[in-house]
Amino acid sequence: MRKLPEGVASGRIVETEAYVVGDAAGHAYRGMTRRNRSLFLEHGHAYVYLAYGSSYMLNVSSEMRGIGAGVLIRALEPLDGIPIMRLNRGIERLRDLARGPGRLTAALRVDRWLDGLDLCRDGPLCLGRGDEPGETGQSIRIGISRDASRLLRFYLRGSPFVSGPRSLNE
DNA sequence: AGTGCGATTGACT
DNA sequence: GTCAATCGCACTA
């Protein structure tokens, strides 16, 4: 759930990727740096960084304080504040509003200022209860070369709101 | 101080 | 399907 001056925007997380302890593809692999320090916060904190100079990525730290690991939030099924997301994205199509990690942060207007935020407490950005879990599929991660074969991407099976090629979403 | 490179996206053939 | 934009950061010297 994202709180903005115009109102609340929220949705159901339908796709994630895990970057686990000892993961060569994870940003925490070579220790703590200025950019990745939020990955080492207690589980449930936001790690936001800029990728490719234009897209923000939203992660949730997943281990105890001092251990670097996290989960990348890759796609959202928009539920509330859809007009707000449409304005933030500059497009109309519901399916594309938050399908992809960079699109998701754009739709929710998530940027570096939210880095380090506790997502389990009431605030400008927070996680809610997961009603309707649904059937989860598993695949390799997208855009990853190191540790490429690990099945650490999780998605809601059958959801039109997940990103990635069809071959990974069966 | 300089260099190389992405956990992507949107535009285009 | 292909491809370039874009910039903060980690790395080297």
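Letters go in sequence order (proteins before strands), and every chain restarts at 1.
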(message) Could you tell me how far apart A:Arg166 (CZ) and C:dG1 (P) are, to the nearest whole angstrom?
(response) 12 Å
(message) Both A:Arg89 and A:His27 contact DNA chain B. Taking the nearest nucleotide for each, which residue is further toward the 5' end?
(response) A:His27
(request) Using the test salt bridge (Lys or Arg N to Asp or Glu O under 4.0 Å), find all partners of A:Asp115 that sit at least two apart in sequence or belong to another chain. (result) none
(message) Using a 3.5 Å distance criterion without hydrogens, assess whether the side chain of A:Arg74 forms a donor-acceptor pair with backbone atoms of A:Tyr155.
(response) no
(request) Please report, rounded to the nearest Å, how far the C1' atom of B:dA7 is from the OH atom of A:Tyr47. (result) 9 Å
(message) In this structure, how many angstroms lie between the P atom of B:dG6 and the OH atom of A:Tyr19, rounded?
(response) 13 Å
(request) Give a yes/no answer on whether the side chain of A:Arg103 brings an N or O atom under 4.0 Å of OP1 or OP2 in B:dG10. (result) yes
(request) Identify the heavy atoms of A:Thr136 and A:Arg157 that sit nearest to each other, and give their distance. (result) O-NH1, 4.0 Å
(message) Is it true that, when you exclude A:Met32 itself, more than 12 heavy atoms of the residues, nucleotides or ligands shown sit nearer than 6.0 Å to its CE?
(response) yes
(message) For a quick test of reading the model, state the closest non-hydrogen atom pair linking A:Ser159 to A:Val14 and the distance between them.
(response) OG-CG1, 4.0 Å
(request) Find the distance A:Asp147:CG to B:dA7:P and express it as a whole number of Å. (result) 13 Å
(message) Ignoring hydrogens, what is the shortest heavy-atom contact between A:Gly164 and A:Arg153? Give both atom names and the distance.
(response) CA-NH2, 4.4 Å
(message) Here's a test for you: under side-chain contact (heavy atoms from CB on, under 4.5 Å), which of A:Asn88, A:Leu108, A:Ile82 qualifies with A:Leu97?
(response) A:Ile82
Atom pairs, protein N/O to nucleotides 7-11 of chain C N/O, distance under 3.5 Å:
unit_1	atom_1	unit_2	atom_2	d
C:dA10	OP1	A:Thr33	OG1	2.5
C:dA10	OP1	A:Arg35	N	2.9

(message) What is the separation between atom CE on A:Met57 and atom P on B:dG6, rounded to the nearest whole Å?
(response) 14 Å
(message) Output the rounded distance in Å from CZ (A:Arg153) to P (B:dT8).
(response) 11 Å
(message) Once you apply a heavy-atom cut-off of 4.0 Å, does A:Arg141 come out as touching a base, just sugar-phosphate, or nothing?
(response) nothing
Are any protein N/O atoms closer than 3.5 Å to N/O atoms in nucleotides 11-13 of chain B? If there are, list each pair with its distance.
none

(request) Keeping the roles fixed (side chain from A:Ser62, backbone from A:Gly70), state whether a donor-acceptor pair exists under 3.5 Å. (result) yes
(request) Report yes or no: does A:Arg99 contribute a side-chain atom to a donor-acceptor pair with the main-chain N or O of A:Ala75 at less than 3.5 Å? (result) no
(request) Using a 3.5 Å limit on both pairing distances, list the dot-bracket string of DNA chain C from the 5' end; Watson-Crick and G-U wobble pairs count, crossing pairs take [ ], interstrand pairs take |. (result) |||||.||||||.
Donor-acceptor contacts under 3.5 Å from residues 19-31 of chain A side chains, at least two apart:
unit_1	atom_1	unit_2	atom_2	d
A:Tyr19	OH	A:Glu17	OE1	2.7
A:Asp23	OD1	A:Ala25	N	2.9
A:Asp23	OD1	A:Arg141	NH2	3.3
A:Asp23	OD2	A:Val20	N	3.4
A:Asp23	OD2	A:Arg141	NH1	2.6
A:Asp23	OD2	A:Arg141	NH2	3.3
A:His27	ND1	A:Tyr47	OH	2.7

(message) Checking A:Tyr56 now: which residues fulfil ring-ring contact (aromatic ring centres under 6.0 Å, His included) with it, not counting sequence neighbours?
(response) none
